[in-house]
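Order of the sequence lines fixes the chain letters, A, B, ..., with proteins taken first and strands second; residue numbering starts at 1 for each chain.
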Protein chains: 4
Amino acid sequence: METPVVKGLRADAWRNRARLLAVAEDVFASRGPSASTEDIAVAAGVGIGTVFRHFPTKEALLEAVFVERLQRLIDDARQLSSAPDAGQAFFIFFRSVLDQAHSKSAIADALAHAGIDLKDSMAGVKEDLNAGLNALLVRAQRVGAVRDDIGIAELLALLVGAARAVDHAAGNTDVEDRTLEVILDGLRPHSRRSTRG
Amino acid sequence: METPVVKGLRADAWRNRARLLAVAEDVFASRGPSASTEDIAVAAGVGIGTVFRHFPTKEALLEAVFVERLQRLIDDARQLSSAPDAGQAFFIFFRSVLDQAHSKSAIADALAHAGIDLKDSMAGVKEDLNAGLNALLVRAQRVGAVRDDIGIAELLALLVGAARAVDHAAGNTDVEDRTLEVILDGLRPHSRRSTRG
Amino acid sequence: METPVVKGLRADAWRNRARLLAVAEDVFASRGPSASTEDIAVAAGVGIGTVFRHFPTKEALLEAVFVERLQRLIDDARQLSSAPDAGQAFFIFFRSVLDQAHSKSAIADALAHAGIDLKDSMAGVKEDLNAGLNALLVRAQRVGAVRDDIGIAELLALLVGAARAVDHAAGNTDVEDRTLEVILDGLRPHSRRSTRG
Amino acid sequence: METPVVKGLRADAWRNRARLLAVAEDVFASRGPSASTEDIAVAAGVGIGTVFRHFPTKEALLEAVFVERLQRLIDDARQLSSAPDAGQAFFIFFRSVLDQAHSKSAIADALAHAGIDLKDSMAGVKEDLNAGLNALLVRAQRVGAVRDDIGIAELLALLVGAARAVDHAAGNTDVEDRTLEVILDGLRPHSRRSTRG
DNA sequence: GATGAATGAGACTTCATTCAT
DNA sequence: AATGAATGAAGTCTCATTCAT
């Protein structure tokens with residue numbers, strides 16, 4: 001994961017790209033997508049020119065940040081897809097999505113864009129994400145841990161919605177937990193409703 | 001409801017204000033809060049100066065749009081709070097929130113701001129919203145239609161999240177319905193889970 | 001002086017005109033000539049339309065304020081021009097110009113414009129001002145109270161400069177006094193230099 | 001004096017900054033401080049963005065112009081403060097202030113602001129100016145060339161006033177000279193009144 | 001005559017993007 | 001490759017002026 005994805009870059013250039021991506025994720029998460037590219041350059045300690053050398057437009061940078069975030073989700077999904085308890089795996093994944101650091105709505109944005117933007121780099125990611133989610137979901141449904149009447153589309157919408165809901169409760173952990181519990185309970189089949197709280 | 005809220009304005013001025021608010025709601029819903037004031041002026045068929053005469057800053061315009069939206073929700077909540085079937089009233093309200101025309105995420109934004117911005121005009125609205133939601137929620141919980149372990153904070157977060165979730169499924173009515181059903185089921189107490197397809 | 005200058009106005013209209021002029025003088029003096037016409041309308045308690053009915057442009061309003069101020073100076077000069085002690089009369093006048101309430105630089109502006117703008121209304125005022133100043137100056141020079149080598153042009157420039165100088169010292173009465181004394185001493189013939197402070 | 005004051009700028013950037021400052025001085029002098037930033041950009045042959053890169057607000061630009069002008073006065077004062085004839089030095093300085101090119105009232109504005117605005121950049125300049133003026137003034141007073149009853153405050157006010165006075169006489173050199181002579185005579189002790197004119 | 005809502009040119013300022021160094 | 005100065009379109013907001021009420 002820490003090896004150059006884009007080939008043919010000098011070591012320092014690739015380091016800059018990685019740093020920019022990380023910094024951009026932070027800045028966009030905390031100040032929203034309208035944060036200026038200049039601010040990101042400053043935060044990354046590089047010149048503005050360097051940002052545009054690596055990401056030809058601001059949108060490309062935003063997209064790269066989304067892809068990065070989604071990539072991590074996909075990795076999580078893959079690792080959990082072979083866990084022994086399919087039900088547990090599914091719910092652990094759902095929670096882990098929302099545990100991502102920073103603003104949850106940033107994740108919501110990333111997920112939201114995955115289903116909408118069909119840009120070059122997004123296309124492959126979308127397929128990978130669908131595959132990963134599908135594996136988790138179907139396995140969990142097969143063992144009766146998740147209701148049968150939903151598919152990937154619903155799962156994605158619920159992830160986005162849950163991220164936004166949790167984001168709105170930001171600050172109050174109790175509220176966050178109870179809110180998420182409602183959604184997770186909604187995902188369980190009739191007879192397996194959680195008894196917590 | 002169709003009478004001047006802001007007193008002392010001429011009839012024509014108030015018509016312009018109402019028109020602007022409606023147009024702004026449309027434009028912000030479809031192009032996001034970063035839509036330009038100029039665009040709204042053009043869409044409303046007035047000069048840019050007229051927008052700023054009625055709403056001294058862009059933020060004031062956004063706030064007015066939010067307040068308008070919330071006001072409608074509050075009205076809905078009030079009317080339903082005296083319905084005979086408290087459980088039905090609650091779920092009808094929840095669905096009606098998401099039925100509001102335009103982009104659902106616009107509603108999410110309005111709701112989200114209600115809990116954050118404590119601006120002058122917002123303050124009163126927030127109280128009214130809380131009161132309206134509380135009446136609906138408590139009554140529904142009392143008759144056992146809604147789980148007891150959530151309060152207004154969770155309800156608000158879920159409304160925001162549901163709006164976003166439904167927004168993400170935008171276009172596919174089936175997905176919208178099933179996604180919403182999951183969240184509504186999550187709100188029901190253990191034994192009253194919906195059995196719909 | 002308190003009778004309508006512009007004929008054919010209703011009593012209330014003329015009152016509005018007078019009030020506007022007074023208010024405009026205040027506002028321009030305290031906030032500068034870039035104060036908005038709207039502000040003046042508000043301060044005068046009339047609608048913006050009324051301002052433009054009486055003064056077709058902002059510049060016309062500014063000009064009217066200048067003329068008003070100059071008119072008062074001219075009146076002062078006339079009254080003093082028949083005083084028994086010509087020297088005393090001259091210096092009393094010079095000081096009285098700077099005693100006008102409000103910002104001194106406002107007076108400087110008015111005086112400055114008198115020599116520059118040759119607009120309709122200004123033309124006559126300029127002649128009156130010159131006549132008044134000339135009477136005072138020549139009489140004072142004749143009795144040896146003021147040096148002989150200056151004329152109206154120099155006197156006007158010195159009035160403008162003194163107004164600005166005093167304005168700069170604003171707040172510190174001692175500095176104001178000593179500064180003015182320097183200029184007045186400069187106006188006296190060699191042997192009559194003041195011996196104050 | 002012609003070396004970069006603000007460090008860390010490329011040669012070309014500094015050239016632009018210097019050019020902008022010079023052009024801004026001209027434009028503000030001839031059209032007043034309300035001249036538009038855009039006009040200055042055009043006159044300097046740069047894009048509007050360049051103006052704001054060097055001076056983040058219009059006020060910052062105005063301030064920089066003031067500081068520049070004051071800096072020149074301070075330099076003059078310093079050079080003259082070690083001249084053999086202290087009296088001559090003082091009067092040469094006073095005249096040289098008014099000889100600065102462009103509109104004299106621009107100088108008046110700069111001097112006027114020196115005593116009012118205590119902005120960051122102004123603070124140091126004000127001290128330097130005071131120090132420079134004080135050296136000239138005290139030395140001239142010590143040799144009996146200037147009356148003893150004035151201090152820096154009065155000197156500054158007189159410089160401002162003289163600039164304005166001369167500005168008002170603009171165009172007529174004779175009037176300018178005689179007006180200035182009056183003020184300079186006022187500065188001399190009783191027995192040393194000029195005999196010119 | 002008085003009012004104040006409407007207008008739109010123009011001001012200041014930001015920011016994505018380009019390009020000379 | 002990296003830098004950051006330059007650019008100018010576009011955005012928010014102000015204000016003198018007009019005109020329907």
Side-chain angles (χ1 to χ4, degrees), chain A residues 9-17 34-42 45-61, chain B residues 8-17 34-41 44-61, chain C residues 9-14 16-17 34-42 45-61, chain D residues 8-17 34-39 41 44-61:
Chain A
L9 286 182
R10 296 197 324 211
D12 60 339
W14 189 72
R15 251 192 319 272
N16 266 340
R17 197 193 129 91
S34 65
S36 79
T37 36
E38 179 98 37
D39 279 359
I40 289 167
V42 169
V46 302
I48 181 68
T50 303
V51 178
F52 278 86
R53 162 164 290 273
H54 288 289
F55 307 95
T57 66
K58 183 185 183 177
E59 197 165 356
L61 174 56
Chain B
L9 284 183
R10 284 203 228 137
D12 58 340
W14 188 71
R15 253 193 315 273
N16 263 334
R17 195 194 130 94
S34 67
S36 82
T37 321
E38 179 99 37
D39 281 357
I40 289 167
V46 301
I48 181 70
T50 301
V51 179
F52 281 90
R53 160 167 278 268
H54 288 287
F55 307 96
T57 63
K58 184 184 182 176
E59 197 167 356
L61 175 56
Chain C
L9 285 182
R10 294 195 327 210
D12 60 338
W14 188 72
N16 267 340
R17 197 193 128 92
S34 66
S36 78
T37 35
E38 179 98 36
D39 280 358
I40 289 167
V42 169
V46 302
I48 180 69
T50 303
V51 179
F52 278 87
R53 164 164 289 272
H54 287 289
F55 307 95
T57 66
K58 183 185 183 178
E59 197 164 356
L61 174 57
Chain D
L9 284 182
R10 284 202 227 137
D12 59 339
W14 188 72
R15 254 194 314 273
N16 262 335
R17 196 193 129 93
S34 65
S36 81
T37 321
E38 179 99 37
D39 281 356
V46 302
I48 182 69
T50 302
V51 179
F52 281 88
R53 159 165 281 268
H54 288 287
F55 307 95
T57 63
K58 184 185 182 177
E59 197 168 356
L61 174 56

First of A:T37 and D:F55 reached from the 5' end of DNA chain E, by closest nucleotide:
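Nearer the 5' end of the strand: D:F55.
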
Under a 3.5 Å cut-off for both distances, is E:dA9 Watson-Crick or wobble paired, and to whom?
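Partner of E:dA9: F:dT14.
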
G-U wobble or Watson-Crick pairing nucleotide for F:dT21 (cut-off 3.5 Å, both distances)
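The base-pairing partner of F:dT21, which may sit in any strand shown, is E:dA2.
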
Taking 4.0 Å as the cut-off, does a side-chain nitrogen or oxygen of [X] come that near to OP1 or OP2 on [N]?
| X | N | answer |
| --- | --- | --- |
| B:R53 | E:dA5 | yes |
| A:H54 | F:dA2 | yes |
| A:N16 | F:dA1 | no |

Whole Å only: how far is the [atom1] atom of [X] from the [atom2] atom of [N]?
| X | N | atom1 | atom2 | result |
| --- | --- | --- | --- | --- |
| A:I40 | F:dA2 | CD1 | P | 17 Å |
| A:D39 | E:dT14 | CG | P | 11 Å |
| C:E59 | F:dA16 | CD | C1' | 12 Å |
| B:W14 | E:dA6 | CH2 | P | 13 Å |
| B:R17 | E:dA6 | CZ | P | 12 Å |

Closest to the C:F52 side chain, choosing from E:dT17, F:dA6, F:dT18:
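Among E:dT17, F:dA6, F:dT18, the one nearest the side chain of C:F52 is F:dT18.
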
Taking only the side-chain heavy atoms of C:K58 (C-beta and beyond), determine which of E:dA2, F:dA16, E:dA6 contains the nearest atom.
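So the nucleotide nearest the side chain must be F:dA16.
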
Start at the 5' end of DNA chain F and walk down; is the nucleotide closest to A:E38 or to B:I48 reached first?
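Of the two residues, A:E38 wins.
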
Could you report the tightest heavy-atom contact between B:F52 and B:K58, atom names first, then the distance?
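Minimum heavy-atom separation between B:F52 and B:K58: CE2-N, 4.3 Å.
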
Identify the two heavy atoms, one from B:A41 and one from B:I48, that lie closest to each other, and give their separation to 0.1 Å.
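Of all heavy-atom pairs spanning B:A41 and B:I48, the closest is CB-CA, 3.9 Å.
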
Classify B:T50 by what it touches in the nucleic acid, base, sugar-phosphate, or nothing, heavy-atom distance under 4.0 Å.
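It contacts base atoms.
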
Rounded at 0.5 Å granularity, tell me how far OG1 in C:T37 sits from CG in C:L61.
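One gets 8.0 Å once the value is rounded to the nearest 0.5 Å.
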
